[in-house]
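Quick notes on the structure that follows.
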Amino acid sequence: MQRSLTQNNHLASAVEPFRFRGRTFYVKRDDQIDPYLSGNKYRKLFSLIKTPSSDYHTICSYGGTQSNAMLSIAALCHQKGWQFEYTSKTVSSHLKEKPTGNLKMALELGMQLREVLPVAYEDAISKLKTDVLPLDSLLVPQGGADPLAQQGVEALANEVKIWMDEKGITKLNLITPSGTGTTAYYLARALKDVTVITTAVVGDKAYLIEQMRQLGAVPKNLKVIESVKKIHFAKPYRELLGMYEALKKCGIEFDLIYGVKMWLVLMENIEIFEGEMLYIHSGGLMGNETMLARYLHKGMNP
């Protein structure tokens, strides 16, 4: 059952045993925190969730038009009564006429979309980052990759510590996929006796480590594993669809971009890790609608 923590941020998400391919894992159900503000986006926006509505008038951000972070920020701004301005590359005429997925829901929640031509996008984002905003406005970087996220991820780490103590677990592998690596980075910093396992979903391992180094020195207990086959971000692959179906049949649905790739890479490297395995479910299920449509369009039936 889904529980909203936006009204009571002292509740912790549940941990469930998950039997998959002959092995027992544990899954921390951050996807069940809130229908829109779930998973790692809830954790990254945690400090903003606790911020009084009167502190801000406008929140700005940028990125793709089916971004999970975009939808989460739109939901938060809708709850707080804040204006949300979002910059993206030009939207196709078809999508503009008939929005789908996260874009449709974000627009319905009041998001104001600012479209920029692809050739001008990087300059527009650079300007957005360097502009001096009014005191009642805030820029949230793409995907919530910001020290702003530290408070929420540390709250997650504390929940993991409490769960470990209750279960008597002394050797734990904590698993979470990475875009910018913000969640994995702060988890590893807060849980020095735990091995944090991640994989690069956007770009490669070198790009991911570069992103994390912008936050500080990469902790030694943070392990980045890679897939056997190069998998490009947000593109349909039969291997990912097969993993999605296999996981779903075992009782839990994961998102097709981040979660499913993490499981694919984890299973390719599973023999190198010892101890219990706890997967942090990073949510993002609202985006599966548009991804499944893309698989169908490519002739790959779920």
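Ring orientation note: the planes of W263 and Y279 are close to parallel, at an angle under 30° on the 30°/60° scale.
Annotation for A157 and L191: closest pair O-CD2, 3.6 Å, computed over non-hydrogen atoms.
For CD1 of I272, the number of neighbouring non-hydrogen atoms (other residues, nucleotides, ligands) closer than 6.0 Å is greater than 12. Within a 6.0 Å sphere centred on CZ of R23, other residues, nucleotides and ligands contribute more than 12 heavy atoms.
Not a single donor-acceptor pair under 3.5 Å links the side chain of Y186 to the backbone N or O of E154. Of the possible donor and acceptor atoms, none in the side chain of N269 sits under 3.5 Å from a partner among the backbone N and O of S227. With hydrogens and angles ignored, the 3.5 Å screen pairs a side-chain donor or acceptor of Q66 with a backbone N or O of N102. Although no hydrogens or angles enter the test, the distance criterion places a donor-acceptor pair under 3.5 Å between the side chain of K80 and the main chain of T51.
With sequence neighbours excluded, the residues that form a side chain to side chain contact (heavy atoms under 4.5 Å, CB included) with L117 are T90, V119. In this view, P219 and Y185, A188, R189, N221, L222 satisfy the side chain to side chain contact (heavy atoms under 4.5 Å, CB included) rule, not counting sequence neighbours. Under the rule for a side chain to side chain donor-acceptor pair (under 3.5 Å), the partners of D30 that lie at least two apart in sequence or sit in another chain are S13, R43. The side chain to side chain donor-acceptor pair (under 3.5 Å) test applied to Y244 returns E253, not counting sequence neighbours. In this view, R29 and E16, D31 satisfy the side chain to side chain donor-acceptor pair (under 3.5 Å) rule, not counting sequence neighbours. Partners of Y295 by ring pair (Phe, Tyr, Trp, His ring centres under 6.0 Å), not counting sequence neighbours: none found. The salt bridge (charged side-chain N to carboxylate O under 4.0 Å, His left out) test applied to K96 returns E115, not counting sequence neighbours. Remark: K249 engages no residue in a side chain to side chain donor-acceptor pair (under 3.5 Å) (not counting sequence neighbours). Partners of K129 by side chain to side chain contact (heavy atoms under 4.5 Å, CB included), not counting sequence neighbours, listed by chain and number: Y62, I125, L139.
Cluster membership check: I162 does not share its hydrophobic cluster with Y26, using side-chain heavy-atom separations under 4.5 Å among Ile, Leu, Val, Met, Phe, Trp and Tyr. Residue L156 is not grouped with residue Y258 when hydrophobic side chains (ILVMFWY) are merged at heavy-atom distances under 4.5 angstrom, including chains of intermediate members.
Other residues sharing the hydrophobic cluster of L109, ordered by chain and number and joined by side-chain separations under 4.5 Å: Y36, L71, M105, M286.
Residues in residues 223-233 take part in these salt bridge (charged side-chain N to carboxylate O under 4.0 Å, His left out) pairs, two or more places apart or across chains: K229-E239. For residues 197-214, every residue pair satisfying the side-chain hydrogen bond (donor to acceptor under 3.5 Å, both in side chains) rule, not counting sequence neighbours, is listed here: S178-T198.
With rounding to the nearest 0.5 Å, the separation of CD1 in I175 from CG in L266 is 4.5 Å.
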